[in-house]
Amino acid sequence: TFVDVGSYSATLTIADNHGDSTTQSFVVSVANALPVVALVPSQSSIQGSSLSLPDMPFTDAGALDTHTASISWGDGSPDSSPTVNAATRVVVGSSASHTFVDVGSYTVTVTVTDNHGGSGSRSFVVSVANALPVVAPVSTMSSVEGSLLSLPDMPFTDAGALDTHTASISWGDGSPDSSPTVNAATRVVVGSSASHTFVDVGSYTVTVTVTDNHGGSGSRSFVVSVANALPVVAPVPSRLATQGSSFTLSDIPFTDAGVLDTHTASISWGDGSPNSVPVVNVATRVVVGSSAPHTYSSSGPFTVTVTVT
């Protein structure tokens, strides 16, 4: 068995039992035996995460051969040059880790080359799964019913460097979701692009969801505390009344940003008499002055106060 490549001169000698012999020389050309890389099982990874391969043994009938190795990752990136353990004839997988930047199924090829230029390869598949977007925490916010609320910009991360994204905001009040703008360059959900008006007092759980082009999504929820907006009674001009005669106010409109709010009203006549409770027209948001007549028993200027609650 020849242990190395080369051209060797061999001599054949034949001798008989009388001591006579003859000799014939000839050349033996020994070709290179190619390395053989052992089977490598399929591997899995997540985009943006570093993948280390297992050690990959190989054989070579050339006992004196030395070896180098390369790994083609199948994603267009430059080949890696892992360490070769000469004593054990193993390609050290952990010496050439790799990060796949996008989801997919990649054919990775390990090639071992000996010092005579002969090589052997083994291919296997690496399945790269989607990394989900992660939305940064959002602080609790406050608003007033009927007022427009603009959210702050909300950054997110995604290990998929090539991924594109959309976003949605669920306001937690039964209204349709909003679709805010996503700044692709900075990976920020632009909060001001999807303002919202809460129509009633309460504590609402708002959820921001970012979805990548592979269908993976990540969400972040936070609370918006919505305070009550106070009713505002329209100005009422000064009026004249006659002592001892029944007097009524004109209708008195009011506004309230809380479109779902209901109301009651009271009138303090300023003369020490009990307050009156006029009718409130819910549809028109008007205190019906004629529903609460009053008679002053004495003369004088009186400050009348209409309160809507």
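Between the side chain of D251 and the main chain of G289, a donor-acceptor pair closer than 3.5 Å is present. Checked by atom type and distance alone, the side chain of R89 pairs as donor or acceptor with a backbone atom of D60 at under 3.5 Å. Judged by distance alone, the side chain of N281 and the main-chain N or O of R285 form no donor-acceptor pair under 3.5 Å. Between the side chain of Q43 and the backbone N or O of V126 there is no donor-acceptor pair closer than 3.5 Å. Within the 3.5 Å criterion, the main-chain N or O of S94 finds no donor-acceptor partner in the side chain of S52. A donor-acceptor distance shorter than 3.5 angstrom exists from the side chain of Q243 to the backbone of S297, with no hydrogens or angles considered. S95 contributes a side-chain N or O that, together with a main-chain N or O of V92, makes up a donor-acceptor pair within less than 3.5 Å.
For the atom pair CZ (F222) and OG1 (T140), the distance works out to 9.0 Å, reported to the nearest 0.5 Å. Taking OG from S246 and NE2 from H294, the interatomic distance works out to 9.5 Å, rounded to the nearest 0.5 Å. To the nearest 0.5 Å, the span separating OG on S119 from CG on D114 amounts to 8.0 Å. Atoms CG and OG, from L151 and S139 in turn, are 11.5 Å apart once rounded to the nearest 0.5 Å. One finds the OG1 atom of T22 at 7.0 Å from the CD1 atom of I14 (value rounded to the nearest 0.5 Å). For the atom pair NE2 (H196) and CD1 (I169), the distance works out to 10.0 Å, reported to the nearest 0.5 Å.
Taking the side chain as every heavy atom from C-beta outward, R122 and L39 approach each other to under 4.5 Å. The shortest side-chain heavy-atom distance between Y8 and V27 does not fall under the 4.5 Å cut-off. F26 places a side-chain heavy atom less than 4.5 Å from the side chain of L12. Residues V306 and L249 form a side-chain contact, since some pair of their non-hydrogen atoms from C-beta on lies under 4.5 Å apart.
Minimum interatomic distance between Q47 and V101 (heavy atoms only, all atoms of both residues): NE2-O, 3.4 Å. Across every non-hydrogen atom of L51 and S45, the tightest pair is CB-OG, 3.9 Å. Of all the heavy atoms in A229 and V144, the pair that sits closest is CB-CG1, 3.7 Å. G118 approaches P35 most closely through the heavy-atom pair O-CD, 3.8 Å. Looking at every heavy atom in both residues, S168 comes nearest to P180 through CA-CD, 3.9 Å. For the pair S290 and T248, the tightest heavy-atom approach, listed with the atom from each and the gap, is CA-CB, 4.1 Å.
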- Task: Output, in order, the C-alpha distance, side-chain angles, deciding distance and verdict of side-chain contact (heavy atoms from CB on, under 4.5 Å) for F156 and V188.
- Result: CA-CA 6 Å; F156 64 92; V188 162; 5.7 Å; no
- M141/L149 under side-chain contact (heavy atoms from CB on, under 4.5 Å): CA gap, chis, key distance, verdict: CA-CA 9 Å; M141 302 191 67; L149 171 69; 4.1 Å; yes
- Might you work through the side-chain contact (heavy atoms from CB on, under 4.5 Å) test for V91 and L53, ending with a clear yes or no? CA-CA 10 Å; V91 178; L53 298 177; over 6 Å; no
- Message: Run Y204 and V223 through side-chain contact (heavy atoms from CB on, under 4.5 Å) and show every step you take.
- Response: CA-CA 6 Å; Y204 298 91; V223 172; over 6 Å; no
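If you chain together hydrophobic residues whose side chains sit under 4.5 Å apart, V112 and V84 fall into the same group. By the rule that hydrophobic residues join a cluster once side-chain heavy atoms approach within less than 4.5 Å of another member, V304 and V236 end up as members of one cluster.
Exactly one residue among N32, T66, D65 makes a side-chain hydrogen bond (donor to acceptor under 3.5 Å, both in side chains) with H116. That residue is D65. Of the residues V280, T284, V232, the one that meets the side-chain contact (heavy atoms from CB on, under 4.5 Å) test with F254 is V280.
Between the side chains of T109 and S123, at least one donor N or O sits under 3.5 Å from an acceptor N or O. Under the 3.5 Å distance criterion, with hydrogens and angles disregarded, no donor-acceptor pair is assigned to the side chains of S150 and S195. Looking only at atom types and distance, the side chain of H165 has no donor-acceptor partner in the side chain of N213 under 3.5 Å away. Counting only N and O atoms by type, the side chains of S268 and T305 include no donor and acceptor under 3.5 Å apart.
The aromatic rings of W269 and F247 sit perpendicular to each other, their planes meeting at more than 60°, with 30° as the lower class boundary. Note: Y296 and F302 have parallel aromatic rings, judged against thresholds of 30 and 60 degrees for the angle between ring planes.
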